[in-house]
Amino acid sequence: MLKQILADMYIDPELLAELSEEQKQILFFKMRQEQIRRWQEWEAKCDQNEDKKRNSRPRKACNKSVHWRFGTDQEVWVWVMGEHSSDKPYDQICDEIIAEQARREAEKEAEQLRKKQEVELSQLSTLRLHPHNNADLLKKNTDTKQMVNENVRIANQQIINDENQKKENILKEKENDRLQERTQEIYMNWKEAQEVKQKLEKEDKEWQESLRKSKLADERRRSVAKQARDDYKRLSMQGINRGKVADTAKTFGAVKRPPIPPKPKLPPPANNSSINRMDRRQGIRRLNSAINRENIIKWFKEEQLPLKAGWDKSGSYVEPWFHGIISRQESEQLLGSHGHGSFLLRVSEKIQGYVLSYCSEEGCAHFLIDASATSYSFLGVDQLQHTTLADLVEYHKTEPIPSLGRELLRFPCGQKKGVCDYSDLLE
């Protein structure tokens, strides 16, 4: 039954309603394990494909290495930002570094532009001045002529120098403006890149934290499952040592449970009453569809009554804790009148099986008992098998049900006065 549920990842709502909280947790845990197993298989397949792609690519040789700086104590030098009183805040340090890098970058670009302009100016031909020849000056002596030419040359040179100085001043002003604009642009770009980097680092830390929490949750679930397996092994060994389930262990320890038979075909409506349902020990499959009170009564009379289900071990009388087909509310009313530690075992009104109802300090709990095989056990994985219902009850009078902690079956809850709710099962 459990293998079919895990294969289909679906459980009937009516069957789910009959499970206790502990049994629901076990079932959901097993379904979650199956999901994780399928997901791990898919991840492993993806990793193999990724490894094949990665191995097919040529690897580049890397000659990079890291060298640690050592302090006076010959240990690796470590500086923790913010511990010293003179340490600046992290944001201020980042702003100063970005501003300094922007300034250097702008100065570098300005120097390159200046050199380029100097080369262009050097390529220009210098202005050559040709003084005017005056007829009167030519008549003077050579000394006077040289003096006049020298004065004209000096005057012209002064004019050229003044014009060049004005051009240089204008170029410097434009260069300073461009330098400031470029510095501000580089600063804003690096500042924006720094903010984006910090945002990505923050998001990565949040993802790492969520991944760590999920791993811790998986580890806790594995620990709970391991503890449940250890408890089951311990309880099984105690039961075998006491001799209560020795025959069951020998019979069912080495023999595999028979596979679930295929779903039977429904016969025609006219012959519905002629369906033969033989003793379950003969391995004949039974009709499980359309469960109602009449089908459950018929199932009990044909399969359970010959086995003396609900009777004592000798088969001489019906146990006081055995009840017929009663609802959950009726069983809780009976248990409420007997108090803490009382219990009863009733025939389920929804499936072909039994329900153990127990009254604890926290309230009433109900546990499904699987009767589909040749033994009786609580619904779940790796549950202890019992030959009869009486063996199951007697065992849990000294050993607690795992989902109840240390609670034991103490006081059997009998019938109401003047009422026998299992009379229709024995007719």
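A quick note: this is a predicted structure, and the numbers were derived from the prediction, not measured.
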- Got a second to check how far Glu22's CD is from Phe29's CZ, nearest 0.5 Å? 11.5 Å
- Message: Is the shortest side-chain heavy-atom distance between Phe367 and Leu379 below 4.5 Å?
- Response: no
- Message: Measuring centre to centre across the rings, with the benzene-like ring taken for any Trp, is Phe378 within less than 6.0 Å of His396?
- Response: yes
- Query: For Ile186 and Gln101, what are the C-alpha separation, side-chain angles and deciding distance, and is it a side-chain contact (heavy atoms from CB on, under 4.5 Å)?
  - Reply: CA-CA 8 Å; Ile186 296 174; Gln101 291 177 350; over 6 Å; no
- Does atom CD of Glu362 have more than 12 heavy-atom neighbours, drawn from other residues, nucleotides or ligands, at distances under 6.0 Å? no
- Query: Between Glu209 and Arg212, is there a salt bridge with N-O shorter than 4.0 Å?
  - Reply: yes
- Are Leu305 and Leu426 close enough that some pair of their side-chain heavy atoms sits under 4.5 Å apart? yes
- Any side-chain heavy atom of Ile325 sitting closer than 4.5 Å to one from Arg293? yes
- Task: Evaluate side-chain contact (heavy atoms from CB on, under 4.5 Å) for Lys397 paired with Leu408, printing each intermediate quantity in order.
- Result: CA-CA 5 Å; Lys397 285 183 178 180; Leu408 301 175; over 6 Å; no
- Task: Would you check, one step at a time, whether the test side-chain contact (heavy atoms from CB on, under 4.5 Å) holds for Ile26 with Leu19?
- Result: CA-CA 10 Å; Ile26 293 174; Leu19 297 177; over 6 Å; no
- Is the number of heavy atoms from other residues, nucleotides or ligands within 6.0 Å of NZ (Lys24) greater than 12? yes
- Pairwise side-chain contact, Lys115 with Gln112, heavy-atom cut-off 4.5 Å (strictly under): no
- Are any non-hydrogen side-chain atoms of Ile401 and Phe343 less than 4.5 angstrom apart? no
- Just by distance, do the side chain of Ser223 and the backbone of Glu219 share a donor-acceptor pair under 3.5 Å? no
- For Ile369 and Tyr376, work out which heavy atoms get closest and say how close. CG2-CB, 4.2 Å
- Under 3.5 Å, is there a donor-acceptor pair linking the side chains of Gln157 and Asn161? yes
- Query: Which atoms form the tightest heavy-atom contact between Ser357 and Arg346, and what is the distance?
  - Reply: OG-NE, 3.2 Å
- Message: So, taking the atom named OH in Tyr317 and the one named CZ in Phe322, what distance separates them when rounded to the nearest 0.5 Å?
- Response: 14.5 Å
- Task: Apply side-chain contact (heavy atoms from CB on, under 4.5 Å) to the pair Phe28 and Leu16, showing each step before the final yes or no.
- Result: CA-CA 11 Å; Phe28 294 157; Leu16 183 64; 4.1 Å; yes
- Between Ser214 and Leu211, what is the shortest heavy-atom contact and its length? OG-O, 2.7 Å
- Note on the structure: Rounded to the nearest 0.5 Å, the CD atom of Glu105 sits from the CD atom of Glu107 at a distance of 10.5 Å
- Message: Ignoring hydrogens, what is the shortest heavy-atom contact between Thr183 and Ala106? Give both atom names and the distance.
- Response: OG1-CB, 3.0 Å
- State whether the side chain of Tyr358 and the backbone N or O of Leu335 hold a donor-acceptor pair below 3.5 Å, judged by distance alone. no
- Message: Please find the pair of heavy atoms, one from Lys313 and one from Ala390, that lie closest to each other, and give the distance.
- Response: CG-CB, 4.2 Å
- State plainly whether the residues Glu111 and Arg114 are in salt-bridge range, i.e. N to O under 4.0 Å. yes
- Item | Within-4.5 Å side-chain heavy-atom neighbours: Gln33 and Arg221 | no
- Query: According to the interplanar angle, ranging from 0 to 90°, do the rings of Tyr395 and His386 count as parallel (below 30°), tilted (30 to 60°) or perpendicular (above 60°)?
  - Reply: tilted
- Kindly say whether Ala99 contributes a backbone atom to a donor-acceptor pair with the side chain of Asp95 at under 3.5 angstrom? no
- Query: If you measure from CG on Leu384 to CD on Glu399, what distance do you get to the nearest 0.5 Å?
  - Reply: 9.5 Å
- Between Glu361 (side chain) and His340 (backbone), is there a donor-acceptor pair under 3.5 Å? no
- Less than 4.0 Å between a side-chain N and a carboxylate O, is that true for Glu100 and Arg103? yes
- Candidate pair Glu41 and Arg37, rule salt bridge (charged side-chain N to carboxylate O under 4.0 Å, His left out), full reasoning: CA-CA 6 Å; Glu41 290 181 354; Arg37 185 189 66 80; 2.6 Å; yes
- Message: Using modelled atom types and a 3.5 Å cut-off, is there a donor and acceptor pairing between side-chain atoms of Asp421 and backbone atoms of Gly324?
- Response: yes
- Task: Give, for atom CD of Gln352 and atom CG of Asn295, the distance between the pair rounded to the nearest 0.5 Å.
- Result: 7.0 Å
- Message: Just checking Trp39: does its CH2 atom have more than 12 heavy atoms from other residues, nucleotides or ligands closer to it than 6.0 angstrom?
- Response: no
- Query: Closest approach of Ala371 and Gly353, non-hydrogen atoms and distance?
  - Reply: CB-CA, 4.5 Å
- Message: For a 4.5 angstrom cut-off between non-hydrogen side-chain atoms, does Met31 reach Glu34?
- Response: no
- CD of Glu43: more than 12 outside heavy atoms within 6.0 angstrom? yes
- Message: I need the Lys166 NZ to Asn164 CG distance, nearest 0.5 Å.
- Response: 11.0 Å
- Query: Any side-chain heavy atom of Arg182 within less than 4.5 Å of one from Glu185?
  - Reply: yes
